[in-house]
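To start, the structure under review is shown below, and the notes come after it.
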Amino acid sequence: MVNDLLFALYVAASAGLLAYGANCYVLVALFLRTRSAARRDNTAVIRAARPRFAEPDSLPWVTTQIPVYNEANVVERALRAAAAIAYPASRHEIQVLDDSTDETRDIVRRVAAELRARGTRIVVLRRRRRDGFKAGALAAGLAAARGEYIAIFDADFVPPPHFLRWTLPFFFRDARLGLVQARWGHLNDRESPLTRAQAMGIDGHFMVEQSARTFGGLLMNFNGTAGLWRRRAIEGAGGWAHDTLTEDLDLSYRAQLAGWGTHFVADLAVPGELPASVTAFKSQQFRWAKGSIQTARKLLPSILRSRLSPWVKLQAFLHLTHYCVHPLMLTVALLALPALLTLSRVLSPAELAALVALMLAAIVAPNSLYLASQRALHRDWRRRLLWLPALTCVGIGIGVSNSRGVLEALAGKRSAFVRTPKRGDRAAKRYRVRGTVQPWIEVALGVYCAASLGVYLAQGKLFIGPFLLLYAAGFLVIGVAGLLETLPARSAQPSIWPRVTPSWWSRRSSFHSSGPVISPASRRR
């Protein structure tokens, strides 16, 4: 009985992975079906709004918010980019929501004074206590904001000058539109295998998933930065809340439940900096995983009771609970060996083939997102796909960290909002995420999966071998990289990867064009 139960759990976890994987194919199909029409529509809307931008007095007030907490390496770059946004100074204010406790405060004060002297409307708001973390800062800024529209950029993002020219037109067209989200670009995607893997994963989410949700009539999320909100939508949805770690996902879903629309502009890229260390990357992913499940617990009952169609509800469920793939993967990895050793009967060739097909479809499915996004974004997409093994290893390797986030969220355990440190173009300040025992657990799990692989191969079970090899490689790569970053010789360095320089950014940047003209070249860096 126990033996069959273990195998049943193994099959159930594999089936769960297949369910989430199959939805990847659905989103890719939606993206491919709607992509051309969406680009034509976006182009037409942006071009139609050109005459209005020629009349500054007719434009609405916009407030650009930049929440900051100890971002000495990147904050100056963000402030100068925000000040360079092409919009009348008489209609644009910049709020620096600075909760910093280090020298970031001095940098903000100096740069803000310099920009103010040049005619930029920029205010620095500081709170006595960091209540509510980022959500609390955004709420406090909103209370003091003059803008009818609110642009939000994290401190490690660099908005292009044409950001408002490519986002405001959609609000002019639709009075019930609450949010326009831009695509994330990357400042340091070529820095290391880790950043290349992250960039490919993020491209898949934005280019395929966000496009499919927007033009497929599904619920879409705000990604916390590189977006423009209608102020009335924020207020009408109940404002910013800090009872989850993903205040962006929470607010965007509440806004849509309140009747506000969302829109994604795939051709508008706002480059941001990717975490350069495994430890920082895992910290970021943990926050996203835990926050997503917290939001699912909070909002799924309202979604299921709403008048949305069953299809939209299903997609919302799969979206909000997507990080459950990590505990499912962990279950498959842990039960592979017991399922083999304790199974009370021999599987028939047909049953074994079905199980292998189940696992193969689940593992390959996310790659369809990455293939579609790389083809849409880059001329050299074939060469970029050579980094898919790195992305697979990273996706599997963070399973321990993200599973902990999912389980903590399900158990109702609260935790503080932990900022992801970035190096920026100064690298003067060394921000580190504290190491834990977790890398040792990942290494142990990698060794366990390697041992399981050996047992399977010894018994001639060759079909399962490739899957266990991927699990072993993923856990070992992430675990060993995490351990290396905690060594004393490494801790004296800002990162284990080469430093990105300002000249590198100036050579790579193709986002700072002067006008809202969308062309195929604008989406290829």
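The residues of the chain are indexed from 1 along the displayed sequence.
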Report yes or no: is the cationic atom of Arg230 (NZ for Lys, CZ for Arg) closer than 6.0 Å to the six-membered ring centre of Phe171, at no more than 45° off its axis?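 Relative to the ring axis of Phe171, which defines the angle, Arg230 lies outside at least one limit.
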Using 0.5 Å steps for rounding, measure from the [atom1] atom of [X] to the [atom2] atom of [Y].
X      : Y      : atom1 : atom2 : value
Gln374 : Arg382 : CD    : CZ    : 12.5 Å
His263 : Asn42  : NE2   : CG    : 4.0 Å
Met200 : His186 : CE    : NE2   : 10.0 Å
Ile202 : Glu209 : CD1   : CD    : 11.5 Å

Side chains of [X] and [Y], heavy atoms from C-beta outward: is any pair under 4.5 Å?
X      : Y      : value
Thr225 : Pro67  : no
Leu27  : Arg213 : yes
Leu337 : Tyr448 : yes
Leu251 : Glu247 : no
Gln198 : Gln285 : no
Leu268 : Pro160 : yes
Trp184 : His205 : no
Leu164 : Tyr149 : no

Indicate yes or no for a side-chain donor-acceptor contact from [X] to the backbone of [Y] under 3.5 Å, with no hydrogens or angles considered.
X      : Y      : answer
Tyr87  : Val62  : no
Arg375 : Trp381 : no
Ser373 : Met207 : no
Arg254 : Ala237 : yes

State whether [X] and [Y] are salt-bridged, where the test is any N-O pair (Lys NZ or Arg NE/NH1/NH2 against Asp/Glu carboxylate O) under 4.0 Å.
X      : Y      : result
Arg77  : Glu273 : yes
Arg384 : Asp203 : no
Lys134 : Asp248 : no

Specify whether [X] and [Y] have parallel, tilted or perpendicular ring planes, treating 30° as the upper limit for parallel and 60° as the lower limit for perpendicular.
X      : Y      : answer
Trp166 : His162 : tilted
Phe222 : Trp229 : perpendicular
Tyr253 : His319 : tilted
Phe153 : Phe163 : perpendicular

Please step through salt bridge (Lys or Arg N to Asp or Glu O under 4.0 Å) for the pair Lys282 and Glu442, ending with a clear verdict. CA-CA 12 Å; Lys282 287 196 298 185; Glu442 291 157 351; 3.0 Å; yes
Intermediate values then yes/no, side-chain contact (heavy atoms from CB on, under 4.5 Å), Phe157 and Ile152: CA-CA 10 Å; Phe157 277 71; Ile152 300 174; over 6 Å; no
Kindly give the heavy-atom pair with the smallest separation between Ala365 and Gly21, and that separation in Å.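 Closest approach of Ala365 to Gly21: CB-O, 3.0 Å.
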Is there a donor-acceptor contact under 3.5 Å linking the side chains of Asn221 and Gln181?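 On atom types as modelled, these side chains do not qualify, holding no pair under 3.5 Å.
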Strictly by modelled atom types, are Lys290 and Ser415 linked by a side-chain donor-acceptor pair under 3.5 Å?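 Short answer, yes.
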Check the surroundings of atom CZ in Arg33: do more than 12 heavy atoms from other residues, nucleotides or ligands lie under 6.0 Å from it?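 12 or below, so no.
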Verdict with reasoning, Val332 to Leu328, per side-chain contact (heavy atoms from CB on, under 4.5 Å): CA-CA 6 Å; Val332 169; Leu328 290 174; 5.8 Å; no
When you look at His322 and Phe317, which way does the ring-ring contact (aromatic ring centres under 6.0 Å, His included) test go after all the steps? CA-CA 8 Å; His322 178 74; Phe317 174 85; over 10 Å; no
